[in-house]
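Working notes, structure below.
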Amino acid sequence: MDLSKKYNPKAVEEKWQEKWKKMKIYRFDKNNTKKKIYSIDTPPPTVSGNIHMGHAFSYSHTDFIARYQRMRGKNVFYPFGFDDNGLPTEKYVEKKRKIKGHNMDRQAFIKICLEECEDAEKLFTGLWTRIGLSVDWNLKYSSIDQRAQKTCQKAFVDLYDMGRSYIKEAPSIWCPGCRTTLAQVELEDKEFDSYFNDIIFELENGEKIVIATTRPELLPACVAVIVHPDNEKTKYLINKKVKVPLFNNTVKVIADKRVDPDKGSGIVMCCTFGDQTDMEWWKAYNLELKTAITPAGKMTELAGKYKDMKIEEARKAIIDDLKKEGLLIKQKPIKHTVNVHDRCGKPIEFLVKKQWFYKLLDRKKEFLEQGNKINWYPKFMKVRFDNWIKGLQWDWSVSRQRFYGIPIPVWYCKECGKEFLPKTDELPVDPTKDKAPVKKCTGCGCNEFIGDKDVFDTWSCSSLTPQINAWWIDETGNKNICKKIYPFSLRPQAHDIITFWAFNTVVQSLYHNKSIPWENIMISGHALDQNSQKMSKSKGNVVEPQEVLDKFSADALRFWAAGTKLGDDLPYLEKDLKTGLKFANKIWNASKFSIMHLEDYNFKAKDIKLFPADHWILNKMNETIKNTTDSFEKYAYSKAKKLTEYFFLVDVCDNYLEIVKDRLYNPQNYDQQSRLAAQYTLYQIILNSLKMSAPITPYVTEETYQLYFAKAEKIESIHISPWPEELKKVDKKQADIGELAIKIVAAIRKFKSDNRMALNEKLSEIIIQAPKELHNELKTIEPDIKGAVKSEKLILRKAEHKIEGTDILFSIKT
RNA sequence: GAGCCAUUAGUCUAGCCUGGCUAUGACGUCGCCCUUACAAGGCGAAGGUCCCCGGUUCAAAUCCGGGAUGGCUCACCA
């Protein structure tokens, strides 16, 4: 038996990574019908090159639960996926390979993306394995693989058949730099220096009014002028006609409450499109559409002499001309925040494009109901989900003008534009390569078709992770596990993506499966840096899990990750990683000590007469098992960890082991069964401490389990061993007496320490003064007390030092 | 502007839902101890206006109202 003095995490962790793989203990058993299934809808991390402590943090949380459930005897379905399609991955590849997707061959670009993803995923997989995720890697998937493509396209086709997916010319958020539509969530605020320009517009009767704008280059796209209906100063303008300066077309004045009467002159020009409000007005009042900016960010023909200028150039030129004509009366410098694309930092534009949408707005109430059916941990996170739904204003735009992603499975008739979708059994398809599903257009008879070049946004695929994992596309095939694992038991994720990932998944599940996607959702917080700042590349404060694993260990990392309540953020502090290392070492040493004394332990011995101290620690153990189990059931892993940690460090190591040592080393001083009672108790408390710690620190607990308990229990790994249950034979009264012993010993230790005595200093006698009714009880704990404080005798008479929390006093003689 | 969350020793954190112990534990600090599991240790000690102001109550870190500060999400940004 290897009982080295110090626990060596590096060697141990490497060893078990290998062994666990060979033992296949994390394998989901799809043929087992007896065990209850616990299925996890694991978040697929975005393949975009960087991985930080935030990932390690939240993935650890999921693993705590997976390991706990496995020990509870569940058949755990714990897959792992990679989100490796879409814009984030494209950007990662473009940067790494110094290429641009839009000026190279599409298929060549896709090939490079696939290569890069494979590399990155190997790296990631290695890292997750080191952290100790008990994932079944046979259940791996990627959001660009055939299964995901088919799932995503089938979802689209089905929604089309249901009338919930539609194509429409609609203003979309557009990034002129990346040349793609964006979703709202891809936007970021950025502050720019700009000017508020006071420009003169003219009424038909020649009267001049002033309109303030930061975007004079949009004058050619001006389609209306808006005032507040109740603004006394501007009310008279309603329904009048106004001439747009430089471009001389006339537009109508409309009244709308969205105008702030105190901003600028209280008169706004509405252009298609300068911002979101412009779009709302355009929609609400059926205004004309004028496009002044091209997808590349240049002026269109509409801009007349400013055509082909870049946005900034046109702005300057128009301001110059306004000045010359005397139409610009003031320029006020301001700082204003503008929506920019989070990945390139360029201000976004609104362009009208043909886009595919999924209908959402008519079913808000049902989404809220679905949310109510799910258990949210922590509860308050549900509020964010509800608020998001209540505030929804747009249907979900799913098409993106990019290259590396899942193709939108549609062909359009070249003549009349009618759309044709494939049947679901023909999926997956790529309309840029494959032939249309029909030979002749049913509308006009034309036989030429154009395949859609767009791809799905990443969320339309990742919102289908439950369907992908449950093999929804192959429900009747032999891979059918859909009915068994759906709805999933758990969705773990971080709180920043409740509003889209969690929400979109609920939507898809309602539409396609008429059910909630999961019964429980567990929301993790973020990992912060040592100054409680969010980790981000631009701040340069990112800590990589790799470093932490090298410097400390996987157990220490996980121990840290279990250090805060579910949903709370946690700063990364090295000192807390050290605590994890110490804990592992402590487990190793205390277990080693116990196991040394268990070598001759006879399991079969029955009717062992336990000492009060034994009852005391076993009673504590029972309480700990009960509370730890309750906590894990509520996904309160940090509480579970704390309870087990306290029981083990304080009750077991500091108190019980110190008391029981003398019985183990000097059994001749006690009656016959005393050593056996100690062994029985040690076995229970050490084994159950290991088990309760196993979900959090899987390596050191496994290593220790294998020293002795694996053989005793005849189970090959602690991680598939049964979860602890409370012992029935514990006597609470005896436990209370045992606690007296603990208190007396602690008081004498403190006395020794206060008087600068060594703790193992021998005493000739201890004198205890206690109420008469305690005398008999003191007799039963006398041997343990004498042994623990190294005293020859224990005498009952008057004593001087009060023991806190008791009616007992003590004195000692050296 | 709105919603949600947080605020507890030098630092991180528990307790709050369900009011009642001397407010938990760790790191750090200080003192003693190399004791046959562990010096990555043991035993002790010091360190707190539980963010502020009110209210409810016999009793408030805990419940209620108001405020401050920080964080996250959303909206606005003509």
To the nearest angstrom, the NZ-P distance between A:Lys379 and B:rC5 comes to 13 Å
Between B:rA40 (P) and A:Lys10 (NZ): distance, integer Å:
18 Å
Check the phosphate of B:rU35 against A:Lys762, side-chain N and O only, distance under 4.0 Å to OP1 or OP2. Yes or no?
no
So, is A:Thr214 close to the B:rC77 phosphate, meaning a side-chain N or O under 4.0 Å from OP1 or OP2?
no
Classify the nucleic acid contact of A:Lys790 as base, sugar-phosphate or nothing, counting any heavy atom under 4.0 Å across all strands shown.
nothing
Nearest-angstrom distance, P atom, B:rG44 to B:rU8:
28 Å
A:Arg558: what forms a salt bridge (charged side-chain N to carboxylate O under 4.0 Å, His left out) with it, not counting sequence neighbours?
A:Asp63
Results of side chain to side chain donor-acceptor pair (under 3.5 Å) for A:Ser591 - residues two or more places apart only
none
ring-ring contact (aromatic ring centres under 6.0 Å, His included) partner of A:Phe503, chosen from A:Phe367, A:Trp459, A:Trp396
A:Phe367
For A:Lys786, the salt bridge (charged side-chain N to carboxylate O under 4.0 Å, His left out) test, sequence neighbours excluded, returns A:Glu782
5'-to-3' dot-bracket of RNA chain B (Watson-Crick, G-U; under 3.5 angstrom; crossing pairs as [ ]; | other strand)
(((((((..(((.......[....))).(((((.......))))).....(((((..]....))))))))))))....
Rounded distance (Å) that lies between atom P of B:rG1 and atom CG of A:Asn387
18 Å
Starting the side chain at C-beta, find the nucleotide from B:rC72, B:rG41, B:rC77 nearest to A:Lys582.
B:rG41
Considering residues at least two apart in sequence or located in another chain, which fulfil the salt bridge (charged side-chain N to carboxylate O under 4.0 Å, His left out) criterion with A:Glu633?
A:Arg72
What distance separates A:Lys802 NZ from A:Asp807 CG, expressed to the nearest 0.5 Å?
5.5 Å
Any heavy-atom pair between the side chains of A:Leu577 and A:Phe559 that's under 4.5 Å?
no
Take atom C1' in B:rA39 and the same atom in B:rC33, then report the distance between them in whole Å.
11 Å
Considering only B:rC76, B:rC27, B:rC4, which nucleotide approaches the side chain of A:Gln276 most closely?
B:rC76
Determine the Euclidean distance between corresponding C1' atoms of B:rA68 and B:rC53; express it in Å to zero decimal places.
10 Å
Are A:Tyr285 and A:Asp256 linked by a side-chain donor-acceptor pair shorter than 3.5 Å?
yes
Give A:Ala590 one of three labels, base, sugar-phosphate or nothing, depending on what nucleic acid heavy atoms sit under 4.0 Å from its own.
base
Regarding A:Lys639 and A:Asn627, do their side chains bring together a donor and an acceptor under 3.5 Å, going by distance alone?
no
If each of A:Met381 and A:Phe196 is mapped to the nucleotide of RNA chain B with the nearest heavy atom, which maps nearer the 5' terminus, i.e. the 5' end?
A:Met381
Check nucleotides 8-17 of chain B against the protein and report each pair of N or O atoms closer than 3.5 Å, with its distance, or say if there are none.
unit_1 : atom_1 : unit_2   : atom_2 : d
B:rU13 : O2'    : A:Lys642 : NZ     : 2.9

How close or far is atom P of B:rA26 from atom CZ of A:Phe648, stated in whole angstroms?
15 Å
Under a 3.5 Å cutoff, is there a donor and acceptor pairing between the side chains of A:Lys592 and A:Asn589?
yes
Taking B:rC5 as the reference, what is the distance to B:rC38 when you measure between their P atoms (whole Å, please)?
49 Å
Please measure how far the C1' atom in B:rU29 lies from the corresponding atom in B:rU7, and state the result in whole Å.
25 Å
Residues forming a side chain to side chain donor-acceptor pair (under 3.5 Å) with A:Thr505, sequence neighbours excluded:
A:Arg491
Starting at CZ of A:Phe380 and ending at C1' of B:rG3, how long is that distance when rounded to a whole Å?
13 Å
Show me the protein contacts with nucleotides 42-48 of chain B, counting only N or O atoms at under 3.5 Å.
unit_1 : atom_1 : unit_2   : atom_2 : d
B:rG42 : OP1    : A:Lys586 : NZ     : 2.8
B:rC43 : OP1    : A:Asp654 : OD1    : 3.4
B:rC43 : O2     : A:Ser753 : OG     : 3.2
B:rG44 : O2'    : A:Asp754 : OD1    : 3.1

Euclidean distance for C1', B:rU57 against B:rG19 (whole angstrom):
9 Å
Give, for atom CD1 of A:Ile766 and atom CZ of A:Phe810, the distance between the pair rounded to the nearest 0.5 Å.
9.0 Å
Contacts of A:Glu739 that satisfy side chain to side chain donor-acceptor pair (under 3.5 Å) - sequence neighbours left out:
none
Check nucleotides 20-22 of chain B against the protein and report each pair of N or O atoms closer than 3.5 Å, with its distance, or say if there are none.
unit_1 : atom_1 : unit_2   : atom_2 : d
B:rU22 : O4     : A:Glu804 : OE1    : 3.4

Side chains of A:Ile374 and A:Val506 in contact at under 4.5 Å (non-hydrogen atoms):
yes
Without decimals, in angstroms, what is the distance between A:Leu649 CG and B:rA40 C1'?
13 Å
How far does the C1' atom of B:rA46 sit from the matching atom of B:rG54, given to the nearest Å?
35 Å
Interatomic distance where CG belongs to A:Asp496 and C1' belongs to B:rC72 [whole Å]:
9 Å
Classify the nucleic acid contact of A:Asn339 as base, sugar-phosphate or nothing, counting any heavy atom under 4.0 Å across all strands shown.
base
Could you work out the separation of B:rA75 and B:rU22 based on their C1' atoms and round it to a whole Å?
49 Å
Scan A:Val259 against the nucleic acid and name what it touches under 4.0 Å (heavy atoms): base, sugar-phosphate only, or nothing.
base
Solution key, residues 641-652 of chain A side-chain donor-acceptor pairs under 3.5 Å, sequence neighbours excluded:
unit_1   : atom_1 : unit_2   : atom_2 : d
A:Thr644 : OG1    : A:Thr628 : OG1    : 3.4
A:Thr644 : OG1    : A:Ala640 : O      : 3.0

Given atom NZ of A:Lys390 and atom P of B:rG3, what is their separation to the nearest angstrom?
12 Å
All salt bridge (charged side-chain N to carboxylate O under 4.0 Å, His left out) counterparts of A:Glu13, not counting sequence neighbours
none
